[in-house]
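What you see is a predicted model, and the numbers here were worked out from it, not measured in a lab.
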Amino acid sequence: MTDFQTIHYSVSANGQIGTLTIDRPEALNALSTQVLSELEIVIDQIAQERTVRVLVITGAGRSFVAGADIAEMAELTPQEALAFGERGARVFRKVELLYCPVIAAVNGFALGGGCELSLACDLRIASDKAKFGQPEVGLGIPPGFSGTQRLPRLIGAGAAKELIYTARVIKADEALALGLVNRVVEPDALMPTVTELAEEIASKSPHAVAISKRAINRGLQSDIDTGIAIENDLFSNAFAHPEQREGMSAFLEKRKPQF
C-alpha cells in the first residue's frame, strides 16, 4: 500500500485484521486536508481489496483525534469551508459503509472531528483516559463532519443536543453511560481488548457479518417495515452463499466452521 506521511496501515499476520493509525502526534492527530486525503485513499484501497475482516482505527501518542485542524480552518471562506466539510463527511461515510466492521480504539482525546470519526465506526472501545466531545460551538461553528446527525442517532437527541450546545468534554465513564462507547478499559488493556474483539468477529462468517452490518445500517435509515423487508432479503440470499453451507454443516457435524 502507498506510503503516507500522516497515517500508518498494517495488517495482522493472518491477514484478517487491519490497523489504521493516525500519526500526527505533534498536532494531537488533528484532521488536516492531508490526513483526510490519506485516510480516504486507505479506506478506498481496503474496500477494493476486500481482504481484511475487521478494521481498527486508532491514534498515535496520547490522542485518538483531537479534532479538525483549527490552524487550517481559521481563515477558510464559506466556499472553502463547504469543500472541507464535504471532504470530511465523505471520508467518514466511507468508513461507515465499509463492507467489514470498523472498531475505534480510542486512546485519548476524541474531540470534534475525532469524536465524529469514532461515530462513523461500528464499535468504540475507549481507554479510561479517553475524552469525548463536540466543542465546535465554542469556536463559533457547528459540528461539520456529520456529528449533528450521527450523535443523536447513537445516544438520543436530548443527550446529543446537550453535548453539542454546551461544548462539554466528557470522560470515558460518562461516554459509556450515555452509550457513546461500548467498553472502557485501562490504557494498557486497550489494544489487547480491541484485538481480542476483532479476532472474535473475524472468526465468524465474513459474509454474514458484512450483510448484518448492511441490514443494520440500511434499516436505521428506514421505517421498521422496510427494515424487516431488507433483513428478510439479505437473510434469504445468504442461503445461496457457501459460508451458509459451511456454517450449518459444521454445526451439525459438531466441528468449528472454516470460514
Side-chain angles (χ1 to χ4, degrees), residues 1-4 6-25 29 35-36 38-65 91-108 110 114 116-130 172 181-217 238 241-244 246-247 250 256-259:
M1 191 171 281
T2 307
D3 291 330
F4 300 103
T6 65
I7 62 176
H8 299 293
Y9 180 68
S10 62
V11 178
S12 62
N14 64 8
Q16 295 184 350
I17 301 168
T19 301
L20 194 162
T21 303
I22 298 171
D23 189 10
R24 289 186 73 207
N29 303 325
V35 174
L36 290 170
E38 293 184 357
L39 180 60
E40 184 169 26
I41 292 170
V42 174
I43 296 299
D44 284 344
Q45 290 182 347
I46 293 170
Q48 182 177 8
E49 294 168 359
R50 296 182 71 91
T51 53
V52 298
R53 299 187 179 188
V54 180
L55 175 64
V56 175
I57 298 180
T58 193
R62 63 191 182 94
S63 179
F64 176 70
V65 170
V91 175
F92 290 5
R93 185 64 169 156
K94 289 183 177 183
V95 171
E96 185 172 46
L97 295 179
L98 193 65
Y99 68 93
C100 67
V102 183
I103 304 174
V106 185
N107 51 306
E116 288 165 311
L117 174 58
S118 78
L119 293 172
C121 298
D122 295 277
L123 303 170
R124 287 152 294 280
I125 310 299
S127 157
D128 62 15
K129 301 297 185 184
V181 301
N182 295 80
R183 305 185 202 173
V184 175
V185 298
E186 294 183 357
D188 290 344
L190 178 61
M191 292 312 295
T193 299
V194 170
T195 299
E196 182 180 7
L197 176 59
E199 289 175 346
E200 183 179 4
I201 294 170
S203 71
K204 305 303 187 289
S205 160
H207 179 68
V209 170
I211 61 177
S212 294
K213 172 173 177 171
R214 197 181 315 158
I216 292 168
N217 284 349
H241 197 280
E243 288 179 16
Q244 174 268 330
E246 168 60 17
K256 288 186 177 181
Q258 300 299 311
F259 294 126

*Answer yes if the side chains of Ser12 and Asn14 hold a donor-acceptor pair under 3.5 Å, and no otherwise.*
yes

*How many angstroms lie between CD in Glu96 and CG in Leu119, if you round to the nearest 0.5 Å?*
9.0 Å

_Applying the side-chain contact (heavy atoms from CB on, under 4.5 Å) criterion to Thr193, which one of Ile103, Val185, Val184 satisfies it?_
Val185

*Which atom pair, heavy atoms only, marks the closest approach of Arg183 to Leu197?*
NH2-CD1, 3.7 Å

*Rounded to the nearest 0.5 Å, how far apart are CD1 of Ile201 and CD of Glu199?*
11.0 Å

*What's the spacing between Tyr9 OH and Asp3 CG if we round to 0.5 Å?*
14.5 Å

*Looking only at heavy atoms, what is the nearest atom pair of Ala210 and Tyr99, with distance?*
CB-O, 3.4 Å

*asked:* Show the nearest heavy-atom pair for residues Ala120 and Phe92, with the distance to one decimal.
replied: CB-O, 3.4 Å

*How many angstroms lie between NZ in Lys213 and CG in Asp122, if you round to the nearest 0.5 Å?*
3.5 Å

*asked:* If we check side-chain contact (heavy atoms from CB on, under 4.5 Å) with Leu123, which of these qualifies: Val54, Asn182, Val181, Val56?
replied: Asn182

*Supply the atom-to-atom distance Ile57 CD1 to Ile22 CD1, rounded to the nearest 0.5 angstrom.*
6.5 Å

*Report the residue from Gln244, His241, Glu243 that forms a side chain to side chain donor-acceptor pair (under 3.5 Å) with Ser205.*
Glu243

*Nearest non-hydrogen partners of Cys100 and Arg53, listed with the distance*: CB-O, 3.2 Å

*Taking all non-hydrogen atoms of both residues into account, name the closest pair between Ala60 and Pro25 and its distance.*
O-CB, 4.4 Å

_For the CD atom on Glu246, are there more than 12 heavy atoms of other groups (residues, nucleotides or ligands in this structure) within a distance under 6.0 Å?_
yes

_Side-chain heavy atoms of Asp23 within contact of Phe4, under 4.5 Å_ = no

*Would you name the heavy atoms of Val102 and Val95 that are closest together and state the gap between them?*
CG2-O, 3.8 Å

*Are any side-chain N or O atoms of Thr58 and backbone N or O atoms of Ala105, one a donor and one an acceptor, separated by less than 3.5 Å?*
yes

*Under 6.0 Å from the NZ atom of Lys129, do we count more than 12 heavy atoms belonging to anything else shown?*
no

_Please report the interatomic distance CG(Asn107) to CG(Leu190), rounded to the nearest 0.5 Å._
6.5 Å

